[in-house]
Amino acid sequence: MNLYEEMYKLVKQIPRGMVSTYGCVARALGDIRAARAVGIMLNQNPYKEVPCYRVVYSDGGLGGYATGVEKKIALLQRDGIEIRDGKIDLKKYLFDDFETTYPLKRLREEQERLRKRMRIEDDFEFSTVAGMDISYSKRYAYGAYVEFDREGNIIKKKVVKRKIDFPYIPTYLAYRELPVFSELIQNERPDVVMIDGNGLLHPRLFGVACHFGVVHDIPSIGIAKKKLCGEEREKSIFVNGRKVGVKVGKIYVSPGHRISVDSAVSITKRFMKYSMPEPVRQAHILANETRREDENP
DNA sequence: GCGACAG
DNA sequence: ATCTTGTCGC
């Protein structure tokens, strides 16, 4: 799913003489949480027929414009919209009658459906562990894969480059990153994969590490630097009363698929070095290097 | 103004 | 995540 295209289709529906808001467009996408992402996607809009200037703040304030707010004001006035003290009267000009299929709602339903296949019980051999991470430039994602043997030696590295077609939206990270991870795992079969992001530690109990694990039927662990949700009590994280992960040092560890919370923690600790399990840290470094070299040949 | 939501 | 330089300190 290309969320950029879905959003441009919505914004094109705002008629001349009316405006909508970042939040309204986000709701039409299916989740108010995407409001910031709407702003980011509009800022990168390449189509001149998409009237970005017709999207403003929910309090009637103008918001930003890639080529300057003055330009936004001029275009709005040309449409016949009155601006008083830098604000628009939304009671008079708001458009919120989008025709939409609520794409993000469909993705949430897919997460719930895939979650039924998720197994949080140990079901893996333990000989090799791979780490995966992604580095971003304006238009591209650079994914890296680093595989270790059980003694901690690196036995394989690979990288891929791919165009970005989905913005970062909290709780939908998998839809931004999974295409890259799927490309990386082709022809590889590590016993366990560590992903930079959460697994069970997710409001719908289905973070990117779970999503990846289920789709590829590979044991996986989520490694996050920040807590997405839940309550922390003595290093354990709970979501809806369920223990979904553990804080190990400064990172949050949660199972993805085919592994228990306890095993996810013990394997993570076994590879821990510089506050981060080496497979993920090395993948992070490799992804960054690859992006920098591609940006400055 | 506060709280805050992986990357 | 990215934008960004040097600098202080273990």
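Letters A, B, ... are given to chains in the order of the sequence lines, protein chains preceding strands, and every chain is numbered from 1.
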Categorize A:Tyr136 for me: base, sugar-phosphate, or nothing, with a 4.0 angstrom heavy-atom threshold over every strand shown. sugar-phosphate

With a 4.5 Å cut-off on side-chain heavy atoms, are A:Asp191 and A:Pro219 touching? no

Contact class for A:Tyr172 vs. all strands (heavy atom < 4.0 Å): base, sugar-phosphate, or nothing? base

Using salt bridge (Lys or Arg N to Asp or Glu O under 4.0 Å), reason through A:Lys156 and A:Glu188 one step at a time and then give a plain yes or no. CA-CA 10 Å; A:Lys156 176 134 192 187; A:Glu188 311 300 337; 3.1 Å; yes

Provide, to the nearest angstrom, the distance between the CD atom belonging to A:Glu232 and the P atom belonging to B:dC5. 12 Å

Interatomic distance where NZ belongs to A:Lys138 and C1' belongs to B:dG7 [whole Å]: 16 Å

Side chain of A:Asp196: nearest nucleotide among B:dC5, C:dT2, B:dG7? B:dG7

Tell me whether the OP1 or OP2 atom of B:dA6 has a side-chain N or O from A:Tyr252 closer than 4.0 Å. no

Looking at A:Arg292 and A:Glu289, is any side-chain nitrogen of the basic one under 4.0 Å from a carboxylate oxygen of the acidic one? no

Does A:Glu278 pair with A:Arg281 as a salt bridge, N-O distance under 4.0 Å? yes

Taking only side-chain N and O atoms of A:Arg291, does any of them lie within less than 4.0 angstrom of OP1 or OP2 on C:dT2? yes

Interatomic distance where CG belongs to A:Asn198 and C1' belongs to C:dA1 [whole Å]: 15 Å

How long is the line joining CD of A:Glu295 and C1' of C:dA1, in whole Å? 12 Å

Looking at A:Asn288, does any N or O in its side chain come under 4.0 Å of the phosphate oxygens OP1/OP2 on C:dT2? yes

Below 4.0 angstrom from OP1 or OP2 of C:dA1, is there any side-chain N or O of A:Lys225? yes

In whole angstrom, give the distance that lies between atom OH of A:Tyr142 and atom P of C:dT2. 12 Å

NZ/NE/NH1/NH2 to OD/OE distance under 4.0 Å, A:Arg108 and A:Asp31: yes

Rounded distance (Å) that lies between atom P of C:dT4 and atom CZ of A:Arg292: 12 Å

Rounded distance (Å) that lies between atom P of C:dT2 and atom CZ of A:Arg36: 18 Å

Name the closest nucleotide to the A:Leu228 side chain, picking from C:dT2, B:dG7, B:dA6. B:dA6

Can you tell me if A:Ser135 touches the phosphate of C:dT2, counting only side-chain N or O atoms and a distance under 4.0 Å to OP1 or OP2? yes

Taken to the nearest whole Å, CD1/A:Ile40 to C1'/B:dG7 is 11 Å

Touch check for A:Asp31, heavy atoms < 4.0 angstrom, all strands: base, sugar-phosphate only, or nothing? nothing

